[in-house]
Q: 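Handing you this structure, nothing more for now.
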Amino acid sequence: MRKPLNPAPFPGGYGRSASRRGFSAANSNTRISPSGAAAPRLPEAVPVSMIANLGLNSERSRGMMIQRLREQGIADERVLDAMQRVPRHSFVDEGLASRAYEDAALPIGHGQTISQPWVVARMISAVTENRDPVRVLEVGAGCGYQAAVLAQFIKEVHCIERIRGLYELARQNLRALRLISRVRLSYGDGTLGLPGVAPFDAIIISAAGIKIPQALLEQLAVGGRLIAPEGASVQRLILVERTGSASWQREELEAVRFVPLKAGIQS
Ligand code: SAH
């Protein structure tokens, strides 16, 4: 039997009734299709009974997810390999495990979400393409999934989460997969970055602010890349490359919808 890795750490929880209580997977940390409509929900890969164990069945579901990511234009083999290895279903509540390999964001409690697989693949690919970053920062660890994917091929992964309950959930999830020694997780306000650890070869911001925080732009190594969703009701992924000590180049990528980047911490 698979033990529940994520017992609901919040009143009510999401659990099995999440979709029935109106959570829309298109709400957060998701790509908006070019027509403006949310990406269509894909059929479930396999029934929940088949992925109850961390075994062959979930591996097969992950294989289908990887195939879909390739069809959606993700080509970086390091990222695809890493996503093939990380069991995304162990980062969500047991009641949502059957949906873990759909291309959807899912609730993780505290009003936050685990990012859509395409979003994770796109963001990591954009900052690692044609380069070999050693020290990477993720702002907004959530349940720790993206950090686990990064840790598959990045030597030094640093991660910040501002909600204590999620920081603890990420710790628990990463520990269960024996990744806790490879990911340095901090509880704090990620808009400030980690000045004592900087510079970073790559920075991924997993929540949307009106503007990319200046502190994070300053903590990027020259030649390094940062990716972040930017905007309020209309958001886009922005890819930034630091081209010199006082110069940054910006490129606008896809339209997305992310949870908000907030200052301060929440206990
Ligand atoms: N990386 C996650 C996505 C989590 S959702 C994944 O693997 O799927 C985004 C997270 O950013 C939320 O948990 C939210 O609490 C967090 N967040 C928002 N503002 C933040 C800030 N200033 N510092 C750190 N975390 C922040």
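When a ligand or atom number is given, it counts from 1 through the structure's own listing order.
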Q: Would you please name every residue forming a side-chain contact (heavy atoms from CB on, under 4.5 Å) with Leu192, sequence neighbours left out?
A: Asp189
Q: Taking Asp132 first and then Arg78, would you say they form a salt bridge - that is, a charged N and a carboxylate O separated by under 4.0 Å?
A: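 The answer is yes: the pair qualifies as a salt bridge.
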Q: If only side-chain N and O atoms count, and only distance matters, is there a donor-acceptor pair under 3.5 Å linking Ser115 with Gln146?
A: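 No - no donor-acceptor pair under 3.5 Å links their side chains.
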Q: Which residue pairs pass the ring pair (Phe, Tyr, Trp, His ring centres under 6.0 Å) test when at least one of the two sits in residues 207-233, sequence neighbours left out?
A: none
Q: Could you pull out the N/O contacts under 3.5 angstrom between ligand 1 and the surrounding protein atoms?
A:
| unit_1 | atom_1 | unit_2 | atom_2 | d |
| --- | --- | --- | --- | --- |
| ligand 1 | 1 (N) | Glu138 | OE2 | 2.6 |
| ligand 1 | 1 (N) | Gly140 | O | 2.9 |
| ligand 1 | 7 (O) | Gln146 | N | 2.8 |
| ligand 1 | 8 (O) | Ser115 | N | 2.7 |
| ligand 1 | 13 (O) | Glu161 | OE1 | 2.8 |
| ligand 1 | 13 (O) | Glu161 | OE2 | 3.3 |
| ligand 1 | 15 (O) | Glu161 | OE2 | 2.7 |
| ligand 1 | 19 (N) | Lys262 | N | 3.0 |
| ligand 1 | 22 (N) | Asp189 | OD1 | 3.0 |
| ligand 1 | 22 (N) | Lys262 | O | 2.6 |
| ligand 1 | 23 (N) | Gly190 | N | 2.7 |
| ligand 1 | 25 (N) | Arg162 | N | 3.3 |

Q: Write out all pairs satisfying ring pair (Phe, Tyr, Trp, His ring centres under 6.0 Å) with one or both partners inside residues 180-219, taking only residues at least two apart or from two chains.
A: His158-Phe200, Tyr167-Tyr187
Q: Of Leu106, Thr113, Ile114, which is the lone residue that meets side-chain contact (heavy atoms from CB on, under 4.5 Å) with Asn29?
A: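 Going through Leu106, Thr113, Ile114 one by one, the side-chain contact (heavy atoms from CB on, under 4.5 Å) with Asn29 is satisfied by Thr113 alone.
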